[in-house]
Amino acid sequence: MVVVLKKRTTEEQIANLVGWLKAQGLDADISSGENTTIVGLVGDVSRVDTELLEALEIVESVKRVSEPFKAANRKFHPEDTVVELSDGTRIGGGHFAVFAGPSAVESEEQILQVAEAARANGARVLMGGAFKSRTSPYSFQGLGKEGLDLLLKAKKATGLPVMTELVDAADLDLYEDVDILQVGSRNMQNFSMLRELGHSGKPVLLKRGLANTVEEWLMSAEYILSEGNRNVILCERGIRSISESTRNSMDLSVVPVVHKLSHLPVVSDPCHAIGNAEFVPAMACAATAAGTDGLLLEVHPDPTKALCDGVQSIAVDHLSPLCEKIRKIREALK
């Protein structure tokens, strides 16, 4: 349920309304725009006397929300959410960010070389896998704590905020100095993990599952939001389809669709979606033109020798021309 308040409603009146609603066992999410203040009600709204609510002097209108996701819903929060990192980097609401780094941290030399290239080409976030969730138990599983330490060393050397995947919620204490916690596609519906991340307070990048609908994806975001963490970034990384020409099918339509349904930023991962570095630049440019709030670009000094996902990784030397194309598209969109 959404309660739209009249324009000249005071802070004291809003506080009194929220107190009254919370006394009825409801959570109230306040969204203040330039001309309108909206109170989104989460909980068992069947106990609310709608006629009494509409009769209040400060209430303009009351609307019921049919979608199951509430806190992620743009009806609750008309203004775009902007996720701000510790260094001032902003994602969403017109702020665009390139996330760049290797699929897996392999060595100090590798991560530092990629980190320097990322910074030189305007990337705002350094990413890299320390713990890797792999389909095969025989594949490289990452360096673990050592990889995390190397990633943080690169953060210190370059000043770039870092993002890495949380594979197991039991390891959350190790991620104290990580700026963005990534939830991989396999964990999109790991609801106990999502609740833990809701308590963490850290920005969370939530990847769409391999075969999940947009509603299911937003409901997973709802788990994080409902626990009080508003810093959620959605990431489209391709979905399973009948196509055999690419690793997955990149659902570019999801960018404007999610922007209409939700206030959360949505970024795109063309590397996982396509699975072939040759086609990554084209899809990165297409996603940028579609209005994505950022791009995840896997970068490696020598993709042919990568221990993980080398076939979909961009060579360090190819990062600069791609970032230049992205900048030109961003300028054209303005």
Side chain to side chain donor-acceptor pair (under 3.5 Å) evaluation trace for T10 with Q13: CA-CA 5 Å; T10 67; Q13 289 174 315; 3.3 Å; yes
Steps toward side chain to side chain contact (heavy atoms under 4.5 Å, CB included) verdict (W217, E236): CA-CA 10 Å; W217 188 20; E236 163 60 30; 4.1 Å; yes
Side chain to side chain contact (heavy atoms under 4.5 Å, CB included) assessment of E196 paired with L181: CA-CA 11 Å; E196 285 294 318; L181 302 172; over 6 Å; no
R124/R90 under side chain to side chain contact (heavy atoms under 4.5 Å, CB included): CA gap, chis, key distance, verdict: CA-CA 9 Å; R124 302 309 304 266; R90 293 182 172 187; over 6 Å; no
Check against side chain to side chain contact (heavy atoms under 4.5 Å, CB included), S268 and V255: CA-CA 8 Å; S268 304; V255 175; 4.0 Å; yes
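Using a 4.5 Å heavy-atom threshold, the side chains of L264 and V258 count as separate. Using a 4.5 Å cut-off on side-chain heavy atoms (C-beta onward), I38 and P78 make contact. No side-chain heavy atom of E84 sits less than 4.5 Å from a side-chain heavy atom of N231. Contact of the P301 side chain with the V114 side chain is registered, since non-hydrogen atoms from C-beta on lie closer than 4.5 Å. Annotation: side chain of V2 is in contact with side chain of V4 (closest heavy-atom distance under 4.5 Å). A heavy-atom distance below 4.5 Å is found between the side chains of I111 and P102. Looking only at side-chain heavy atoms (C-beta outward), Q189 and L194 stay at 4.5 Å or farther from each other. At a threshold of 4.5 Å between non-hydrogen side-chain atoms, the residues V266 and H259 count as touching.
The backbone N or O of E57 sits less than 3.5 Å from a side-chain atom of K6, completing a donor-acceptor pair. No donor-acceptor pair closer than 3.5 Å links the side chain of D179 to the backbone N or O of S86. Proximity of a side-chain donor or acceptor of D87 to a complementary backbone N or O of L160 within less than 3.5 Å is not detected. Panel note: side chain D269, backbone G238; no donor-acceptor pair is recorded below 3.5 Å. For S220 (side chain) and M188 (main-chain N/O), a donor-acceptor pair under 3.5 Å exists by modelled atom type. A donor-acceptor contact shorter than 3.5 Å is absent between the side chain of E60 and the backbone of I58. Between the side chain of S262 and the backbone N or O of A72, at least one donor-acceptor pair lies under 3.5 Å.
Linking ILVMFWY side-chain heavy atoms closer than 4.5 Å, directly or via other members, places L218 and V65 in two distinct hydrophobic clusters. At a threshold of 4.5 Å between side-chain heavy atoms, the hydrophobic network of Ile, Leu, Val, Met, Phe, Trp and Tyr places L297 and V311 in two separate groups. M250 and V280 sit in two unconnected hydrophobic clusters of ILVMFWY residues. Membership requires side-chain heavy atoms under 4.5 Å apart, directly or through other members. Under the 4.5 Å side-chain heavy-atom criterion for ILVMFWY residues, a single connected hydrophobic cluster contains both V162 and V105. In the hydrophobic clustering of ILVMFWY residues, with side-chain heavy atoms under 4.5 Å counting as a link, V204 and V214 come out together.
Residues T164 and A130 share a closest heavy-atom pair of OG1-N, 3.5 Å. Contact between G93 and V82 at its shortest, heavy atoms only, is CA-CG2, 4.0 Å. The two residues A71 and R230 have their closest heavy-atom pair at CB-NH1, 3.7 Å. For the pair C235 and L205, the tightest heavy-atom approach, listed with the atom from each and the gap, is CB-CD2, 3.5 Å. Closest heavy-atom contact between V299 and A100: CG2-CB, 4.2 Å. In terms of heavy atoms, A277 sits closest to S313 at CB-O, 3.3 Å.
Under the ring-ring contact (aromatic ring centres under 6.0 Å, His included) criterion, F140 pairs with no residue, sequence neighbours left out.
Interatomic distance, R237 CZ to L206 CG, rounded to the nearest 0.5 Å: 12.0 Å. Atom-to-atom distance recorded for E222:CD and E227:CD is 11.0 Å, nearest 0.5 angstrom. Here L53 contributes atom CG and L17 contributes atom CG; the two are 6.5 Å apart, rounded to the nearest 0.5 Å. Rounding to the nearest 0.5 Å places OG of S320 at 11.5 Å from CD1 of I314. Here S226 contributes atom OG and M219 contributes atom CE; the two are 9.0 Å apart, rounded to the nearest 0.5 Å. Taking CZ from F99 and CD1 from I180, the interatomic distance works out to 4.5 Å, rounded to the nearest 0.5 Å.
Atom CZ of R330 sits in a crowded spot, with more than 12 heavy atoms from other residues, nucleotides or ligands closer than 6.0 Å. Within 6.0 Å of the NZ atom in K63, the count of heavy atoms belonging to other residues, nucleotides or ligands does not exceed 12. Annotation for K153: atom NZ does not count as buried by contact number, only 12 or fewer foreign heavy atoms lying within 6.0 Å.
A salt bridge is defined here as a Lys NZ or Arg NE, NH1 or NH2 lying under 4.0 Å from an Asp or Glu carboxylate O, and E67 with K75 meets this definition. We find that R208 and D251 are joined by a salt bridge, their nearest charged nitrogen and carboxylate oxygen being less than 4.0 Å apart. Salt bridge absent: D29 and K70 never bring a charged side-chain N and a carboxylate O closer than 4.0 Å. A salt bridge links K145 with D149: at least one charged nitrogen is closer than 4.0 Å to a carboxylate oxygen. Salt-bridge formation is not detected for the pair E331/K328: no Lys NZ or Arg NE/NH1/NH2 atom is positioned less than 4.0 Å from an Asp or Glu carboxylate oxygen.
Put simply, the residue from D293, I91, T288 that forms a side-chain contact (heavy atoms from CB on, under 4.5 Å) with F96 is T288. Among Q312, H300, K132, E165, the one residue that satisfies the side chain to side chain donor-acceptor pair (under 3.5 Å) test with S103 is K132. Here the options are V3, T9, I14, the test is side-chain contact (heavy atoms from CB on, under 4.5 Å), and the partner is T37; only I14 passes.
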